[in-house]
Structure formats: structure tokens, C-alpha cells
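In what follows, a single structure is set out as C-alpha cells and then discussed.
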2 protein chains.
Amino acid sequence: MSTPAAPEPRPPLRERKKQRTREALLATGLRLFAERGFAETTLDELCDEVEVSKRTFFRTFASKEEVAMAPLHDLWELFLRELATATPAGETLVEFLHGVLLTALEGMTDPDWPRRVLVSQRLAERNPSVAAYGLYFCDRTTRAALALLRERFTLPDDLTVLLALDILIAAFHRAQEAWAAAPGPHTRDGLREHADAARTVLPVVLDAPVRAAARVGDS
Amino acid sequence: MSTPAAPEPRPPLRERKKQRTREALLATGLRLFAERGFAETTLDELCDEVEVSKRTFFRTFASKEEVAMAPLHDLWELFLRELATATPAGETLVEFLHGVLLTALEGMTDPDWPRRVLVSQRLAERNPSVAAYGLYFCDRTTRAALALLRERFTLPDDLTVLLALDILIAAFHRAQEAWAAAPGPHTRDGLREHADAARTVLPVVLDAPVRAAARVGDS
DNA sequence: TAGTCTTTTGCCACTCAGTGGCACAACGAA
DNA sequence: TTCGTTGTGCCACTGAGTGGCAAAAGACTA
């Protein structure tokens, strides 16, 4: 389980069994999707292998796509939890948000998490419904973050804050794509480096130039 | 039909009939979705009313969601067509893209288009699968725009260009939401004004401040 | 420890978006 | 007018997703 929960008293058996079921569905789902393809793996097959009913599957996950995107969504959920307690130190909003996101990234302590994120990224690249679900989840995260920020801080207007969040999420998303596409081992630190690089580019983006290409054959 | 195609020779009967079918499915779909709800309207009902088979529906649209989002997607498709011919005049990439988008917006000449866009926006707000589809469509538009830009212009690295496109699309998306939420008549010009306002905010966003709120009861 | 209450699970039937195959209808060209 | 091409409708089907309900499992109390 990749959620970096603080140590807490042992949950009741019922809760522990629910978490075991969730983890089994998630691990098996990611494995089967990666081996056979997302569309080519039915939920009946997944539930047979985990030995739970499909009814239970849908009590655990909202949709098939949620399994595929769960590793990344765990990160965003932690981001929101960190945002609920983080304190800015005079930096800009985008820098503050970026810092909170990196803190959440540090909180992804399960050594298997990067591998799972890579599987998720591949599934999103190859399956439109997975990609769409991921994008929608981030849009909802933006909404939740705005509400959290409004409760806790003095901020500019909603449009400015929403755009700051959109820019942060777009930068991380592109970083994640670049990380997944890069050769070599895929590590959490590597993802952080790509995220930092994307963050660094942001001030340049608004001033980026565009010129007609020199056309071959044009003298 | 909201596509602002240049005047062209009369298409063959087959093509005209296809377009009539598409328009009938679109107009009827939007109407039924708005009246009854997206999920509450089945494709069987829609096809019965238009008197085509469901098989034909799926030859015309890739999904039910595509009907709901078609008005906005028409705009993005025109954006890509404009991008294939537009010439920058020394402005930044984001300004150039914004200009092309406004040109595409001017090309949405059907007087019914704003009303349809409003219906689409409402459907997206109320139906996750519609919103997700719209977001995914825009992500694919970003990809297509990058490829177009690369063919035609000298540009910075892919990350910078992708982020410029992401920022443009996010700004327009938020403008559209604000436009839909605003009281009074919803016009294409109103949407342009909101788009301009969002564009204007962009340079400010990266420097936007965040401070702890003064807490009531704290002396 | 047994009984009772609460929560969870599995089973089942079902809906509906979406798909593929194929025969027939409609259109287009010579 | 004939023939080739393209489009349509019909049909059977799949699989994600849903609701109802009885049985099983866990929690709590005396």
C-alpha cells in the first residue's frame, strides 16, 4: 500500500480485510493490464484471480480506470493532504504549490511505487479512457485544492489561482510523460528531477518565441 | 452546421446525406441531453427519434460523449486548421496561439453555436464522462498542434511548446467556465472577452502571492 | 461464550454503450 | 441501364457497471 499514512492504531479486522482486498485488486489489476492490455483484461478475469465478486470490485473502485490510475491518484491525494497543513514562507503561489507537490512525492515511500506509476503511464498512453479518467481526476483535484487554499490563505481571484493550479498540474504531467519516456531506471528521484526541470521552464514559456522555419529549397 | 468551411462545390448526395444525419443526431442529442440528462437519455431513444440505427450513430460519432462535446470540439478542430496556415508576426508563441484561437472563435459563425456550447459546458459540469472526454480531446489537440508547429516553425524544445499549448488551453477552458457561469446572454463575443481576460492574467499567475489568512479570533 | 446487531459479501438479473458481420439499399460512374 | 462502390440496418453479442437481497462475517455485550 503506497499511501504514506502516519503510524496509527491497528485498524479493526474489517478495515484490514478491506485494505487487503483493495491492494490485491490493485496489484493484480496492474499486473494483468500490463501483461495483456487494459481492454483485453476483463473485470471477471481480475475478480476470479483475486477471488472476490465483481460487486465487491465496484465497492472498492469506482471504475476499471481507477485501478489503472490509482498509483498516480494516490500522489494527488497526498498532495491535497499536505496542502491542508503546509505553510508558505513568502514564495509565490506556484512555487509554494510545487513545494507541496514535491513533499507529497517524497511521501510516496513504497519502493514499488515508481514501477506502478510507470505501468499507469503506459496504460494511459495506450488507452484513451484511462488517460481521460486521469485528466478528469486532476481537474477535480484542482477544484479541491482551490477550496482548501481559500479556507487557509489570502489569495488573488479564483481565475488566477485556478490557472496557477492548472499550470502546476500541466507541468507535472509533462514531466511525468518525459520521465516515463526516458531510458534507464525509473525512480522517484528521477521523477522529481523532471518535475523540477518543468517547473524551471515555466517562466520561460510565456516568452517563448515562434518563427517561420527556414524552408529547404527556399533561397 | 457550425463548421465554417470555406465555400466549396456542392458535395455529392452521399456526403450531403451524411452531414444531414450528423447534424440531426447532434441537434437532437444536445436537445434530449439538455432536457432529460445525459445519462438518462439512451442512444436507442436518440436514434429512434432521428430514425437511424445505432450502428449508424457509431459510424457518425465515436461515442455518446462526442455528441455532447461536439460544439467545443468543432472549435478546436478549426483551431488546428487555422494553425496550419497562420503566420506569426514576431509575437511570442503563447500570443500567436492565442491569436489563432481567437481567429478560430471568429470562425464559429453559426448563430446557434454559443447556445450549443453552453449546453456542452453544462453537460460536462454534470457528467464526469463528458468532462473527461473533453479534457482528453484537448490533450490530443495539444499533440496535434505540436506536430503542426514543428513542421512549420522554428521553436524551442518540446517541453516548452507543450507547456505553452497546455497553458493556452487551460486559460481558454477556465474562460469558458467563467463565461458559462456568468449571468445574462451567452454570446461568442462574451466568450472572446473572457478568453482575453484569461490571457491577460497569465503573466501575473506565475508571480501570484499566497499568504496565511488573518484568522478571526487571533489577536 | 453465546446471542444479537451491524456491516460486508456474493449472487443474480439486468441495463446500455459499444462492436462486428453481413445482406440489402442507395448512390455514382460509365 | 448496368455494374461497382459505399452506406445502412439488423442482429447477436460483449463487458462495464448497477441495484436488490439473502447469507456470511465481524463486533459488541451480557
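Because the structure is predicted, anything quoted here is derived from the model rather than measured. Order of the sequence lines fixes the chain letters, A, B, ..., with proteins taken first and strands second; residue numbering starts at 1 for each chain.
Residue contacts for A/Thr41: at a heavy-atom cut-off of 4.0 Å it reaches the sugar-phosphate backbone alone, with no base atom in range.
For the residue pair A/Asp139 / B/His173, no side-chain donor-acceptor distance below 3.5 Å is found, with atom types taken as modelled.
For an aromatic pair to be called close, the ring centres must be under 6.0 Å apart, and A/Phe153 with A/Phe96 satisfies this. A ring-centre distance under 6.0 Å is not found for A/Phe79 and A/His73.
With values rounded to the nearest 0.5 angstrom, B/Asp158 atom CG is found 10.0 Å from A/Arg174 atom CZ. Between the CZ atom of A/Phe58 and the CD atom of A/Glu66 there is a distance of 10.5 Å, given to the nearest 0.5 Å.
Taking atom CZ of residue B/Arg10 and atom P of nucleotide C/dG28, one finds them 10 Å apart after rounding to whole Å. Look at CD on B/Gln19: it is 12 Å from P on D/dT8, rounded to the nearest Å. Between the CG atom of B/Asp44 and the P atom of C/dA17 there is a distance of 7 Å, given to the nearest Å. Between the CG atom of B/Leu43 and the P atom of D/dG9 there is a distance of 15 Å, given to the nearest Å. In this structure, CZ of A/Phe33 is placed 13 Å from C1' of D/dG15, rounded to the nearest angstrom. In this structure, B/Lys17 places its NZ atom 8 Å from P of D/dT8, rounding to the nearest Å. At whole-Å resolution of the value, CG in B/Leu13 and C1' in C/dA29 are 14 Å apart. The CZ atom of A/Arg22 sits 16 Å away from the P atom of C/dT8 (whole-angstrom rounding).
Taking 3.5 Å as the limit, the base of D/dA27 and the side chain of A/Arg14 contain no donor-acceptor pair of atoms between them.
Atom CZ of A/Arg126 is surrounded by 12 or fewer heavy atoms from other residues, nucleotides or ligands within 6.0 Å.
Of the candidates C/dT9, D/dG26, C/dA17, C/dT9 carries the atom nearest the A/Lys18 side chain, counting heavy atoms from C-beta on.
Listed for the B/Trp76 side chain is no donor-acceptor partner under 3.5 Å among the backbone atoms of B/Leu101.
In this structure, B/Ala39 and B/Arg16 both approach DNA chain C, and ranking their closest nucleotides by distance from the 5' end singles out B/Ala39.
The stretch residues 45-65 of chain A touches DNA chain C through A/Glu51, A/Val52, A/Ser53, A/Arg55, A/Thr56, A/Arg59, each having a heavy atom under 4.0 angstrom from the strand.
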